[in-house]
Structures are given as C-alpha cells and as structure tokens.
Amino acid sequence: MAFAAEDAVRIQAVVDAAILPLMSEHDVPGMAVGVVVNGEPHVYTYGVASKESGEPVTGATLFEIGSVSKVFTATLSAYAQATGKLSLEDHPGEYLPELKGRPIDQASLLHLATYTAGGFPLQFPREVTDDAAAMDYFRSWEPSATPGTRRDYSNPSPGLLGVVTASAMGGDFASLMQSTVFTAFGMADSFIRVPDHRMAEYAWGYRSDRPVRVNPGPLAEQAYGVKTTALDLVRFVAGNIDPGSLDPTMRQAVEVTQGGYFRAGPVEQGLGWERYPQGVSREWLLGGNAREMAFEPQPAYRLDGQRANGSYLFNKTGSTGGFGA
C-alpha cells in the first residue's frame, strides 16, 4: 500500500514528537526507529552512531538489541519443534547428556523458555566466565522453586534453551539463527557475530560517556547476542504481526512463540514475548516492565489457553551496557 506524501509527513511528525524529547532528556547520541503502518515499514534515524567519528545513524547502522534477542532464540526453538527436532515438553538432558538426571533436568524446555525453570538468577555468577563454565554451572545448579511455579527473569534460562536447540538441530547456534530465522524474515543485515566488512556500520553504545560494546559473557549469543538494523527488526515485527508471508513451518513457530503459557503479575509470558490483552492500561504495561519483574521472583500460574486467539499487545525490551531496544 503506497503512502501519499502527507501521510509520510504525518508519521514522521508523530515519531519526532516521541523520540526527540526522549533523546534530549536521556542524552542519547543516536537512535533508529522502525514502525509499521498498514503493513508498510518506515525507518527514522537520529543522531550519531559514534560520538568520536561523528558518523550519523543510517538505515544500515547495526545496533545491539540485548534481551530482545531472547525472542529470536525462542523462535528458533519453536521452529525446531515444528520440524520435529525437539518438543518444548522435552527436558534438557535428552539433548545434553551431561545434564541427564541433574536437578535442571526436572525442568522442561518450555520452563526454560518462560523463565520458570525453578530459580535461575538474572545473570550467571561472577565466577562463570565462559560457555564451558556455564555448563558446569548447570550441572551443579540446585533449584529454589518447583518448575512452573515461579518466574525468575534470567539470561541463563534462554541461554540453555539456545544450547539445547542447537544440539537438537545439529549445528552451531549463530549459524542456525542466520540461516533459519534471519533468512525466513528477510533479515539480511542481522548478525550474531558481526562480520569484518560490517564493523564500520556497527554503532557504539555509551556508558559514563565512554564508548562500549557488548561483553561476550557466558551464553551471550543465545541470551542477548543479536545485532541488527532498525529495518530488519521491523521486518521481524511485521512478520509476527502478519505471518502469512512466512513459510508454513516458520508461521507455526511464530504462533507458538506468541502463546500465553504462564501468568506472572500483569504479564502473560510467551516464548520471549510478553503479552497483554489489547486495550491494556498504561499503568498495567508499566507494571509489566517494572524493575520488580526483572529483578525479583514472581509467582507463576500456568495458563490453559496458549494460542493468541484474540487481540494482544506484545512487548519485549532489551539492553546491553550501552544500548537499549
């Protein structure tokens, strides 16, 4: 659907009115914003990708999207289920023999995907510095709650889900994400590992006014590793809003990620996505994004109606040391 010039001007004015004061208030050096209006994507860019070089943000600028990456990991897992490689009702030890019979094996992959495995911390302990140490951590981990009874937002949980998924699919996680999810959504400018020829377009984040990029911690690729452009990210969003253009297997995976599996506070927890009934109040949405939801355990209650039948608002935020999405 083509837009008239006046429509484009109107959309730009709406985005400018929301973004420019935000950037000024929080001293954000650069930003890219993608929106979909009647199925048509629009991208608006502001500021610089690097304070040092003064390079402007463009449509090709790559940003870290932090924990929004968890939705991509969940989509890959749901795709693996749709292709018969795994079931979300399976347990991690079925794919990672070193975890067979360990306490973590009481949790299902669905529990990992919904932060309800039984009490993972938000971050790995400080002494866990790489992927090998992360697997040692999982072998010795002891739950503090019965799986499915408590939501503890965490990086270890989707991190392990991504490891299991890659094992079930018989490949490298980053390569599988590139060839399966990114390709399905037409995301040619998205990466887990930014190639050398795109490093010049990789933005810098800022923390205490110092340029930073993500620290490659344990299972970072699976939990918060996606770097992408605003246009690619809006393609992913558009494909989730209307998955009709996706192949049937990926369409099935998308529908699975959008289900509501547990309620925790104001949130219906999907796979990566957090959802609310359409028409949710501003206060309810802010409550779902409150500090308590990320840093404190929340009682979880299993929902029977899993699929997204009806109208919902889907939400996911993410950040790294110098980026927000």
Taking C-beta and beyond as the side chain, do [X] and [Y] meet within less than 4.5 Å on heavy atoms?
X: Phe138; Y: Leu219; answer: yes
X: Met293; Y: Val267; answer: yes
X: Phe124; Y: Thr129; answer: no
X: Asn315; Y: Trp273; answer: no

Please answer whether the main-chain N or O of [Y] pairs with a side-chain N or O of [X] as donor and acceptor at a distance below 3.5 Å.
X: Lys227; Y: Leu62; answer: no
X: Thr165; Y: Leu161; answer: yes
X: Arg275; Y: Gln258; answer: yes
X: Asp242; Y: Gly239; answer: no
X: Arg151; Y: Arg263; answer: no
X: Thr183; Y: Thr180; answer: no
X: His111; Y: Ser108; answer: yes
X: Arg213; Y: Tyr202; answer: yes
X: Ser311; Y: Gln278; answer: no
X: Glu64; Y: Val214; answer: yes

Salt bridge check: are [X] and [Y] linked by an N-O gap of less than 4.0 Å?
X: Asp152; Y: Arg150; result: yes
X: Arg193; Y: Asp172; result: yes
X: Arg102; Y: Asp105; result: no

Taking the six-membered ring for Trp, are Phe120 and Trp141 ring centroids under 6.0 Å apart? yes
Ring centers of Phe236, Phe72 separated by less than 6.0 Å: yes
Between Tyr301 and Phe262, does a ring-ring contact (aromatic ring centres under 6.0 Å, His included) hold up when you go through it step by step? CA-CA 5 Å; Tyr301 306 94; Phe262 290 90; 9.4 Å; no
Determine whether more than 12 heavy atoms belonging to other residues, nucleotides or ligands lie under 6.0 Å from atom NZ of Lys51. yes
Is the number of heavy atoms from other residues, nucleotides or ligands within 6.0 Å of CZ (Arg210) greater than 12? no
For Tyr79, give me all partners under ring-ring contact (aromatic ring centres under 6.0 Å, His included), at least two apart in sequence or on another chain.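 Result, ring-ring contact (aromatic ring centres under 6.0 Å, His included) vs Tyr79: none returned.
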Using the ring-ring contact (aromatic ring centres under 6.0 Å, His included) rule, take Phe323 and Tyr206 through it: C-alpha gap first, then chi angles, then the decisive distance, then the call. CA-CA 7 Å; Phe323 292 80; Tyr206 288 86; 8.6 Å; no
